[in-house]
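Working notes, structure below.
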Number of protein chains: 2
Amino acid sequence: MISFGKFIKTEREKKGWSQTELGALIKVNTPLLSRIENDKKTLAFDKVKLLADTFEMDYQQVKDLYFADKTAKAAYKYKCSENVFTVAEKQFEYIKAANSIQGKLKF
Amino acid sequence: MISFGKFIKTEREKKGWSQTELGALIKVNTPLLSRIENDKKTLAFDKVKLLADTFEMDYQQVKDLYFADKTAKAAYKYKCSENVFTVAEKQFEYIKAANSIQGKLKF
DNA sequence: TCAATTTTGCCCTAAAAGGATAAAATAAAT
DNA sequence: ATTTATTTTATCCTTTTAGGGCAAAATTGA
């Protein structure tokens, strides 16, 4: 498993693109893309769809990777235990269930 | 499984405290605590330790709940799939392993 | 050694997070 | 039925951070 930054770098190189080239496609300038690939900045969420399309990959999957990365980094930074993920998943299911009961569109 | 807001409300009522009373203990004013309990605002992270102490609960556990809640809400909001949590956990383990190799303190 | 590419150092702006006060709404108690 | 206590809502304000930008330095490699 690699970080989202390294994921971008890997896929970019597979395509044989420079940072500037990929940057033009996903609307991110070169210095910023460099930082993103090195996990010093994060890609803005609204660029993720564009990125998935550019890489010809499934949006849902790329999006999941994007958030997984953010979650993992926060969990590490704040010294969470491993079961934070299990708890999160349960909470997630709970919210989904609660909101699928017509009309309740909280959170 | 309940939200972090409802968790606070539940524990507060167990102790028989008003929002103002608990608020004084954890340094949060009443209107803000109301919003927090109703999941309209989030508790600042630096108050979590104080909250755990006040409730006489394990900090690690409360902290995990705090981040689980944030994660779950983001995952729901951005329509992630359920396996975002599994991916996140793998990523988490990867980061931990990478950083346990002396000196590497990235992320 | 020149040219392309990547990285770093700053700086700027817009958005969001966290917090505060006053006032309205609800609930409880007398 | 009115007070009184409690909770919620309406705004507003300040500080932080995310995301982005330019210029220059560093690295890679032809």
Side-chain angles (χ1 to χ4, degrees), chain A residues 2-52 54 62-63 66-78 104-107, chain B residues 2-51 54 62-63 66-67 69-78 104-107:
Chain A
I2 52 171
S3 69
F4 196 73
K6 294 307 164 204
F7 158 75
I8 295 178
K9 185 185 175 84
T10 302
E11 293 303 317
R12 173 175 65 78
E13 288 173 342
K14 274 189 199 170
K15 295 274 187 183
W17 292 332
S18 70
Q19 288 178 346
T20 306
E21 287 171 315
L22 175 59
L25 294 170
I26 63 170
K27 269 75 187 141
V28 168
N29 64 56
T30 315
L32 181 55
L33 183 51
S34 169
R35 284 181 228 257
I36 291 168
E37 287 190 351
N38 291 294
D39 298 294
K40 288 167 184 170
K41 291 260 182 178
T42 52
L43 182 68
F45 175 64
D46 56 276
K47 307 282 169 63
V48 174
K49 178 76 173 69
L50 204 48
L51 184 77
T54 302
V62 177
K63 200 209 302 178
Y66 177 83
F67 281 106
D69 188 73
K70 288 210 166 191
T71 302
K73 277 172 182 152
Y76 179 77
K77 180 176 178 188
Y78 294 102
K104 290 186 179 177
L105 287 164
K106 295 175 184 174
F107 306 121
Chain B
I2 52 170
S3 70
F4 196 74
K6 294 307 163 205
F7 158 74
I8 295 177
K9 187 186 174 81
T10 303
E11 294 303 315
R12 173 176 64 79
E13 289 173 342
K14 273 189 200 171
K15 296 273 187 182
W17 294 331
S18 70
Q19 289 179 345
T20 306
E21 287 172 313
L22 174 59
L25 294 170
I26 63 171
K27 268 81 183 127
V28 168
N29 64 57
T30 316
L32 181 55
L33 184 51
S34 169
R35 283 181 226 259
I36 291 169
E37 287 190 350
N38 290 295
D39 298 294
K40 288 167 184 172
K41 291 261 182 176
T42 53
L43 182 67
F45 175 64
D46 57 275
K47 307 280 170 64
V48 174
K49 177 77 173 68
L50 204 49
L51 184 77
T54 302
V62 176
K63 199 208 302 179
Y66 177 82
F67 281 105
D69 187 73
K70 289 210 163 190
T71 302
K73 277 171 182 154
Y76 178 77
K77 179 176 178 186
Y78 293 102
K104 290 185 178 177
L105 286 164
K106 295 173 185 175
F107 308 119

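Below, read A as the first sequence line, B as the second, and so on, with proteins coming before strands; counting in each chain starts at 1.
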So which protein nitrogen or oxygen atoms get under 3.5 Å of nucleotides 11-16 of chain D's nitrogens or oxygens?
from, atom 1, to, atom 2, distance (Å)
D:dT11, O4, B:Arg35, NH2, 3.1

Is the side chain of A:Lys63 donor-acceptor paired with the backbone N or O of B:Tyr78 at a distance under 3.5 Å, no angle test? yes
Under 3.5 Å: donor-acceptor pair, side chain of B:Arg12, backbone of B:Trp17: yes
Rounded interatomic separation in angstrom, taking CG from A:Asp46 and C1' from D:dA18: 12 Å
Is the phosphate of C:dG19 approached by B:Lys47 (side-chain N or O, under 4.0 Å from OP1 or OP2)? yes
Please determine if a side-chain N or O atom of B:Thr42 lies less than 4.0 Å away from the OP1 or OP2 oxygen of C:dG18. yes
Main-chain N/O of B:Val28 paired with B:Lys47 side-chain donor or acceptor, under 3.5 Å: no
Specify the separation, in whole Å, of atom NZ of B:Lys6 and atom C1' of D:dT7. 12 Å
Hey, is the main chain of A:Lys6 close enough, under 3.5 Å, to the side chain of A:Thr10 for a donor-acceptor pair? yes
Under-4.0 Å side-chain N/O to phosphate OP1/OP2 contact, B:Lys40 with D:dT8: no
Charged N to carboxylate O below 4.0 Å: is that the case for B:Lys15 and B:Glu11? no
Round to the nearest Å and state the distance from B:Lys27 atom NZ to C:dG18 atom P. 19 Å
What is the distance from CG of B:Leu22 to P of D:dT7, rounded to the nearest Å? 10 Å
Spacing of B:Glu21 atom CD relative to D:dT7 atom C1', expressed in whole Å: 13 Å
Spacing of B:Asp39 atom CG relative to C:dA17 atom C1', expressed in whole Å: 16 Å
Whole-Å distance between D:dG20 P and A:Gln19 CD? 15 Å
Let me know, please, whether B:Ala44 or A:Pro31 comes out on the 5' side of the other along DNA chain C by nearest nucleotide. A:Pro31
Rounded to whole Å, the NZ-C1' distance (B:Lys73 to C:dA17) equals 15 Å
Does C:dT6 have OP1 or OP2 sitting under 4.0 Å from an N or O in the side chain of A:Ser34? no
Under-4.0 Å side-chain N/O to phosphate OP1/OP2 contact, A:Asn29 with D:dG20: no
side-chain hydrogen bond (donor to acceptor under 3.5 Å, both in side chains), that's the test. Do A:Ser3 and A:Asp69 meet it? Break it down for me. CA-CA 6 Å; A:Ser3 69; A:Asp69 188 73; 4.9 Å; no
A:Tyr66 and A:Phe4 aromatic ring geometry - parallel, tilted or perpendicular at 30°/60° bounds: perpendicular
